[in-house]
Amino acid sequence: MAAILASSWVHDEVRDFLSRPGRLFIGNRWVESTGGGRFWVKDPAAGENLIEVARANFEDVDRAVKAARKAYQGPWQRITPAERARLLWKLADLIEVHGQEFAEIESINTGKPISEALLADVPLTVEHFRYFAGWVTKLSGETLPVSQPGHYLAYTRREPIGIVGAIVPWNFPLMIASWKLAPALAAGNTVVIKPSELTPLSLLRLGDLMVEAGFPPGVVNIVPGYGMEAGRALIQHPEIGKISFTGSTRVGREILVESAARFTRVTLELGGKSPNIVLPDANFDEVVGGAMMGIFFNQGEVCCAGSRLFVPTSRFDAIVEKISGGAEAVHQGMGLDPATEMGPLISETHMHRVLEYIDSGRRQGASLLAGGERNRNAGLGYFVKPTVMVGTDSMQVAREEIFGPVLLALPYEDLDEVVRRANDTNYGLAAAVWTEDVRNGIRVAERLKAGTVWVNGYNLLDATSPWGGYKMSGVGREMGPYALQHYTEVKSIWVNLG
Ligand code: NAD
């Protein structure tokens, strides 16, 4: 048994859950893979195996799609919008009731501090389901004042697409799943969802709650497995009408190419290299706190991580020195320890990737002010110290997404220059500006090519505020009414009354 299960921080419900093997969730039943395949899920803080989970293959995904089709054509069609809304509310309530359990599962599986799971992952998931529950009874069409000769009733309907294939990453497994499940179900679709092979656990727990909430069999099906197997099976399945993907830009591109074969609808939430811009008049303490939260939250494994910090030359040394001191003081440890401020990275492979990026920065002439190495004192798992480097825009560490706790500080002289440099990236997910002059902050925000811009804040997300990327950070938007457009087709109906 994994050592973590002996820890006094683990509640009994979680220990019970982790003592059972994980299965596939198809048609509201827990089943094994037809191929009998399984894979190990690890505890990244200890670097040891935690629990074995069934590994979905092509046939399993097909079974899940069939269950989703049966539900879509049957009970899910007959349920009224008000009942559908109540199911989503009920699910939100159940997640809230089991919030501590979900936070522990998420913390154990991803390594993130329990405080962050309790503050962000769980409540944002709950609110996401509630927000979209509210939309179910408000998804209406229009009557249209058409000008054709004759007498017509012309109107529109918002119809579900059908079966949605959802693929999610490992950094916020439950929360990002809710970004897809909530609007897809609100709009009347059924779903087959694939968690990351690294972090399937919270979604497996969610399956139990789908049954308890009263969702008919097949409305949501969960198929843990590998990208090259279960993921590809989903994106190639002819009955999937829409793929909603969050993950790397590399896989997003593959999905876009694959979708061309059948014109499958897609939304893609991809990577980032977000600029965090300090204007000369910014408040010192707010900037230091905001920059650290922007890059070190969730170990820097955040798509919108503020990985490029632009600081005016006149204030560069003071601000960067303070941030480096703060980085050195961050307490790293296993996620469940309440004292932990930063956990391990998700896997050994990812840890080596992040360390290699740090080395490439050094080789290309960046100076290292904090961290820069593995933290073996924090545990046997995949800990990398919070790292601060000073460099230039052309370095690999300035251009590529590292997806770890690595901040690159970049000095600048004037406003036009910093806006140009901030926009000089293939990505465009998020950005931030720090200033005491809000008018100036808004002017800069309007010039930045990013899906979200925060003025005097970072990592602010809400179900009502659209989320998505410019350029290679994505296609489409999640959250808010914008998300619903991506889960519906609009139909025009003409009735000749003449
Ligand atoms: P990834 O692309 O490796 O994997 C994401 C998911 O896709 C996983 O479930 C994986 O199994 C699956 N997958 C992998 N290859 C596949 C294939 N060929 N076909 C179908 N599915 C496949 O990404 P990751 O490492 O899990 O997550 C990190 C990335 O996600 C980062 O680039 C990050 O920026 C991005 N991300 C973006 C957002 C956003 O909202 N824009 C949010 C979180 C993470």
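Counting convention: from 1, in listed order, for ligands and their atoms alike.
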* Structure fact -> Applied to residues 226-251, the salt bridge (Lys or Arg N to Asp or Glu O under 4.0 Å) test, sequence neighbours excluded, yields Arg55-Glu229, Arg69-Glu239, Arg232-Glu254, Arg232-Glu258, Arg250-Glu254
* Asked: Quick one: which of Ile167, Ile240, Thr264 gives a side chain to side chain contact (heavy atoms under 4.5 Å, CB included) with Ile235?
  -> Ile167
* Is the shortest side-chain N to carboxylate O distance from Arg158 to Glu489 below 4.0 Å? -> no
* **SB check Glu269 Lys180 (cutoff 4.0 Å)** => no
Output, or 'none' if empty, a list of ligand 1-protein atom pairs in which both atoms are N or O and the distance is under 3.5 Å, rounded to 0.1 Å.
| from | atom 1 | to | atom 2 | distance (Å) |
| --- | --- | --- | --- | --- |
| ligand 1 | 2 (O) | Ser248 | N | 2.8 |
| ligand 1 | 2 (O) | Ser248 | OG | 2.6 |
| ligand 1 | 9 (O) | Val168 | O | 2.8 |
| ligand 1 | 9 (O) | Lys194 | NZ | 3.0 |
| ligand 1 | 11 (O) | Lys194 | NZ | 2.8 |
| ligand 1 | 11 (O) | Glu197 | OE1 | 2.7 |
| ligand 1 | 11 (O) | Gly227 | N | 3.4 |
| ligand 1 | 18 (N) | Glu254 | OE1 | 3.0 |
| ligand 1 | 23 (O) | Ser248 | N | 3.4 |
| ligand 1 | 25 (O) | Trp170 | NE1 | 2.9 |
| ligand 1 | 26 (O) | Trp170 | NE1 | 3.1 |
| ligand 1 | 30 (O) | Gly247 | O | 3.3 |
| ligand 1 | 32 (O) | Glu401 | OE1 | 2.6 |
| ligand 1 | 34 (O) | Glu401 | OE1 | 3.4 |
| ligand 1 | 34 (O) | Glu401 | OE2 | 2.6 |
| ligand 1 | 40 (O) | Trp467 | NE1 | 3.0 |
| ligand 1 | 41 (N) | Leu270 | N | 3.2 |
| ligand 1 | 41 (N) | Leu270 | O | 2.8 |

* Ionic contact status for Arg420 with Asp424, cut-off 4.0 Å -> no
* Asked: Does some side-chain heavy atom of Leu88 sit less than 4.5 Å from a side-chain heavy atom of Phe215?
  -> yes
